[in-house]
Amino acid sequence: MSAASPRNFRFQNEIEVQSFRTSPLQSLSRKHGKAHDPRKCRLGFRGGCLEKACRNRKPMLKDRVLSRAFSEELESLMHAAGGSHLFFDPRGQLIHLWNKIFLSACLLSLFVDPLFLYLTGTQRNTCVEFKDSLALTLSMVRSLLDLFYAAHILFRFRTAFIAPSSRVFGRGELVIQPYEIARRYLGRTFWFDLVTALPLPQFVIWIVIPRLNEYSRTANTKNILRFSIIFQYLPRLFQIFPLSGRIVMATGVMTETAWAGAAYNLILYMLASHVLGALWYLFSVQRQEACWREACLLVSPTSQTMFFDCKALSSNRTIWYELSNITTSRCTPGNGFYPFGIYEEALYAKLTSSSFTQKYFYCFWWGLKNLRICRRACSSVK
């Protein structure tokens with residue numbers, strides 16, 4: 001056998017292997033001078049004999065149901081689908097930008113919600129009032145912020161997730177099937193996100209409170225308002241922690257610069273003092289009204305407590321006001337008639353009947369002062 005024979009034998013084997021690997025569909029496309037594109041077969045492109053070949057070709061599972069893709073292929077697959085399906089990469093720049101925007105909206109919402117606790121106050125003629133103009137302004141701002149929570153739910157329904165079976169070293173295939181994304185989201189955090197997105201304070205202010213009985217409106221207004229704010233404030237507060245975790249997971253840090261991180265921690269500290277001051281103000285109004293009720297019961301056990309509402313202005317209230325015991329100095333701080341406790345300072349400063357700016361900044365300062373005292377006490381215990 002000559003020296004060229006083994007070389008010719010290997011060359012002939014390579015030709016046979018290549019011909020074996022060539023599918024009949026590719027041979028048909030070469031025969032007609034057109035390159036075969038499997039995506040065109042899936043999308044229904046018409047091309048003569050190629051169309052017949054596409055119909056006769058056995059559909060693979062990957063072609064029938066496109067359920068997974070890598071991050072690098074996601075944009076090209078959406079472009080090939082003609083924009084009928086829109087998905088977002090959880091590790092992409094768009095989702096990372098949205099997380100930052102939504103975190104800013106969450107912090108702003110956490111700042112706006114405690115302002116609803118300042119809607120109640122007292123007047124000089126010993127009645128409890130409700131600030132309708134302030135309630136309208138806060139309701140409009142709160143409704144705009146609720147749109148971000150609704151948009152976050154829509155984003156989650158269109159955000160792909162990494163298949164647990166393919167996750168290797170932080171990388172894996174993205175599940176982009178709408179049914180799988182929706183089923184996973186509904187089974188995890190959808191109901192939590194839905195609770196945070198509900199316009200609960202607006203519903204309480206404009207639907208529930210006007211329907212209350214006039215005999216119990218002054219007492220129940222503050223209670224319903226307080227519980228509705230706290231009921232939704234806690235889920236919104238807890239929502240920023242996994243959101244911050246996703247931002248850190250995407251970039252490795254919460255903020256790109258040191259001053260931004262310091263500003264973020266300062267905002268959280270000021271937010272805590274803001275909430276503490278708002279609750280202190282609301283309980284101060286409740287203590288003031290409770291003292292009036294105690295003084296009124298000394299005169300008559302069947303005192304008309306509905307006249308504590310400033311909207312109940314009539315000739316009967318004038319007579320009641322003159323005959324009641326609340327016109328005396330019994331409910332002044334330091335008198336010893338009623339134990340005001342830590343709320344005595346608010347009554348000394350007459351915050352319950354002051355303007356909104358005065359009561360807000362005073363309560364904010366009170367919250368900062370007491371948070372500092374609590375931090376020192378906790379550090380001394382350690």
Side-chain angles (χ1 to χ4, degrees), residues 101-102 104-153 194-237 270-271 274-286 288-289 306-314 317 346 350-364 367:
I101 295 174
F102 184 59
S104 302
C106 289
L107 293 176
L108 188 58
S109 175
L110 292 176
F111 176 81
V112 171
D113 284 359
L115 296 178
F116 284 95
L117 301 179
Y118 292 96
L119 294 179
T120 57
T122 60
Q123 289 186 0
R124 300 296 181 182
N125 54 352
T126 60
C127 64
V128 180
E129 64 176 347
F130 189 83
K131 303 289 186 179
D132 293 330
S133 58
L134 181 61
L136 180 60
T137 303
L138 293 177
S139 298
M140 294 175 62
V141 176
R142 179 56 151 68
S143 300
L144 292 177
L145 294 174
D146 290 341
L147 295 178
F148 286 92
Y149 287 89
H152 179 68
I153 295 177
L194 182 63
V195 170
T196 59
L198 294 176
L200 191 58
Q202 299 94 305
F203 177 78
V204 169
I205 291 173
W206 303 109
I207 303 297
V208 177
I209 292 179
R211 297 178 181 272
L212 292 177
N213 191 354
E214 60 179 1
Y215 290 96
S216 60
R217 180 177 300 171
T218 56
N220 292 335
T221 296
K222 296 182 291 298
N223 295 328
I224 294 175
L225 189 62
R226 180 178 74 249
F227 285 116
S228 63
I229 294 298
I230 295 177
F231 175 77
Q232 201 171 31
Y233 192 85
L234 293 178
R236 290 195 171 192
L237 178 63
M270 296 175 66
L271 186 62
H274 169 60
V275 175
L276 185 62
L279 289 173
W280 178 68
Y281 169 80
L282 181 66
F283 289 130
S284 300
V285 177
Q286 286 186 336
Q288 179 72 74
E289 183 186 355
M306 68 175 185
F307 289 124
F308 286 119
D309 189 2
C310 291
K311 295 182 179 179
L313 297 178
S314 62
R317 189 191 185 280
K350 298 180 180 179
L351 289 180
T352 57
S353 58
S354 302
S355 61
F356 171 74
T357 55
Q358 183 178 355
K359 66 176 67 173
Y360 170 73
F361 285 109
Y362 192 96
C363 295
F364 182 74

For the residue pair [X] and [Y], does the interplanar ring angle fall in the parallel (under 30°), tilted (30 to 60°) or perpendicular (over 60°) class?
{"X": "Tyr360", "Y": "Phe111", "answer": "perpendicular"}
{"X": "Phe102", "Y": "His152", "answer": "parallel"}
{"X": "Phe364", "Y": "His274", "answer": "tilted"}

Check your understanding: Step by step, would you call Tyr233 with Phe116 a side chain to side chain contact (heavy atoms under 4.5 Å, CB included)?
Key -> CA-CA 12 Å; Tyr233 192 85; Phe116 284 95; over 6 Å; no

Taking C-beta and beyond as the side chain, do [X] and [Y] meet within less than 4.5 Å on heavy atoms?
{"X": "Ile209", "Y": "Phe203", "answer": "no"}
{"X": "Glu129", "Y": "Thr122", "answer": "no"}
{"X": "Ile229", "Y": "Pro201", "answer": "yes"}

Approximate separation, where rounding is to 0.5 Å, of [X] [atom1] and [Y] [atom2]:
{"X": "Tyr118", "Y": "Leu134", "atom1": "OH", "atom2": "CG", "answer": "11.0 Å"}
{"X": "Gln286", "Y": "Leu282", "atom1": "CD", "atom2": "CG", "answer": "5.0 Å"}
{"X": "Asp146", "Y": "Ser139", "atom1": "CG", "atom2": "OG", "answer": "10.0 Å"}
{"X": "Phe227", "Y": "Asn223", "atom1": "CZ", "atom2": "CG", "answer": "6.0 Å"}
{"X": "Phe130", "Y": "Asp132", "atom1": "CZ", "atom2": "CG", "answer": "6.5 Å"}

Review point. Short question: side chain of Gln232, backbone of Leu198 - any donor-acceptor pair under 3.5 Å?
Key: yes

Exercise for review: Output yes when a side-chain donor or acceptor of Ser109 lies under 3.5 Å from a complementary backbone atom of Ala105, and no otherwise.
Suggested key: no

Can you see which heavy atom on [X] is nearest to which on [Y], and at what distance?
{"X": "Arg142", "Y": "Leu200", "answer": "NH1-N, 4.5 Å"}
{"X": "Ala135", "Y": "Ile205", "answer": "CB-CG2, 4.1 Å"}
{"X": "Lys222", "Y": "Val128", "answer": "NZ-CG1, 4.4 Å"}
{"X": "Val112", "Y": "Leu145", "answer": "CG2-CD1, 3.9 Å"}
{"X": "Ala150", "Y": "Ala197", "answer": "N-CB, 4.4 Å"}

Practice item. Indicate whether the side chain of Tyr281 and that of Lys359 have a donor and an acceptor atom separated by less than 3.5 Å. Key: yes

Check your understanding: How about Ser143 and Gln202: does a side-chain donor come under 3.5 Å of a side-chain acceptor?
Key -> yes

Review point. Taking everything shown except Phe148 itself, do over 12 heavy atoms lie less than 6.0 Å from its CZ?
Key: no

Review point. With a cut-off of 6.0 Å (strictly less than), are more than 12 heavy atoms of other residues, nucleotides or ligands near CZ of Phe356?
Key: yes

Check your understanding: Are Asp113 and Arg226 ion-paired here, with the side-chain N under 4.0 Å from a carboxylate O?
Key -> no

Review point. Name the one of Leu119, Thr352, Leu117, Leu351 that satisfies side-chain contact (heavy atoms from CB on, under 4.5 Å) with Val285?
Key: Thr352

